[in-house]
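Quick caveat: nothing in here was measured; it's all calculated off a predicted structure. Lettering of chains follows the sequences in order, A, B, ..., and the numbering in each one begins at 1.
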Amino acid sequence: MDNANFFRRVYDIVRQIPPGRVTSYGAIAQFLGSPQSARMVGWALNNTKTELGDIPAHRVVNHNGFLTGKKAFGGINTMQELLESEGIEIQNDQVIRFQEIFWDPAKELS
DNA sequence: AATTTGACGCGGT
DNA sequence: CACCGCGCCAAAT
């Protein structure tokens with residue numbers, strides 16, 4: 001993490017999210033030192049699909065556990081399918097047990 | 001070049 | 001409990 005690029009850092013963090021776990025935009029933003037820049041995290045993730053890295057952006061949802069960005073995955077169910085294939089239960093576009101599988105970068109990476 | 005909007009989050013009304 | 005507005009920064013129009 002030499003480069004202090006906001007986006008680059010987001011990618012690095014998201015890449016470290018373990019399977020079966022999820023995190024939120026705000027958590028990442030907070031870890032980056034800008035708790036109120038959650039929007040930028042969203043933008044960064046949107047770029048991930050262009051970045052062509054193995055970035056599991058589907059493991060990042062909003063603070064409520066809703067799959068707000070599923071549309072950006074091309075297919076409406078793509079994000080959900082990916083999560084389900086990892087053992088994460090989704091219901092009504094929302095992550096079940098969100099709090100239980102929540103992965104906090106500031107806590108896990110600290 | 002200026003304005004709007006967006007995969008957000010939180011506090012206030 | 002529902003709706004509104006603000007903050008933050010970058011990209012799209």
Visitor: CD1 of A/Ile76 versus C1' of B/dA7: gap in Å, rounded?
Guide: 14 Å
Visitor: Expressed in angstrom and rounded to an integer, what is the separation of A/Arg39 atom CZ from B/dT4 atom C1'?
Guide: 11 Å
Visitor: From CD1 of A/Ile55 over to P of B/dA7, roughly how many Å is that when rounded to an integer?
Guide: 18 Å
Visitor: Scan A/Val41, A/Asp54, A/Ile28, A/Thr23 and name whichever one has a side-chain contact (heavy atoms from CB on, under 4.5 Å) with A/Val14.
Guide: A/Ile28
Visitor: In whole Å, measure the gap between the P atoms of B/dT4 and C/dG5 for me.
Guide: 14 Å
Visitor: Rounding to the closest angstrom, what is the interatomic distance between C/dC4 and B/dT5 at atom P?
Guide: 15 Å
Visitor: Do the side chains of A/Lys70 and A/Asp93 get close enough for a salt bridge, i.e. N-O under 4.0 angstrom?
Guide: yes
Visitor: Please list, in 5' to 3' order, the outermost nucleotides of DNA chain C lying under 4.0 Å from any heavy atom of chain A.
Guide: C/dG7 to C/dA11
Visitor: Strictly below 4.0 Å, N to O, side chains only: are A/Arg9 and A/Asp12 in salt-bridge contact?
Guide: no
Visitor: Rounded off to whole Å, could you give me the NZ-to-P distance for the A/Lys70 and B/dC8 pair?
Guide: 13 Å
Visitor: To the nearest Å, how far apart are A/Trp43 CH2 and B/dT4 P?
Guide: 17 Å
Visitor: Would you indicate what A/Ala57 reaches in the nucleic acid, counting non-hydrogen atoms under 4.0 angstrom: base, sugar-phosphate, or nothing?
Guide: base
Visitor: Is the shortest side-chain heavy-atom distance between A/Val61 and A/Phe66 below 4.5 Å?
Guide: no
Visitor: Nearest-Å distance, CD (A/Gln36) to P (B/dG11)?
Guide: 9 Å
Visitor: For A/Phe73 and A/His58, run side chain to side chain contact (heavy atoms under 4.5 Å, CB included): C-alpha distance rounded to whole Å, both residues' side-chain angles, the deciding distance at 0.1 Å, then the answer.
Guide: CA-CA 8 Å; A/Phe73 281 78; A/His58 55 274; 3.8 Å; yes
Visitor: Is the closest basic N to carboxylate O distance between A/Glu86 and A/Arg59 below 4.0 Å?
Guide: yes
Visitor: Which part of the nucleic acid does A/Asn62 contact within heavy-atom distance under 4.0 Å: base, sugar-phosphate only, or nothing?
Guide: sugar-phosphate
Visitor: Quickly work out the A/Phe31 CZ to B/dG9 P distance and round it to whole Å.
Guide: 17 Å
Visitor: State, yes or no, whether a side-chain contact exists between A/Glu51 and A/Phe7 at a heavy-atom distance under 4.5 Å.
Guide: no
Visitor: For the pair made of CG in A/Leu45 and C1' in B/dG9, what is the distance, rounded to whole Å?
Guide: 15 Å
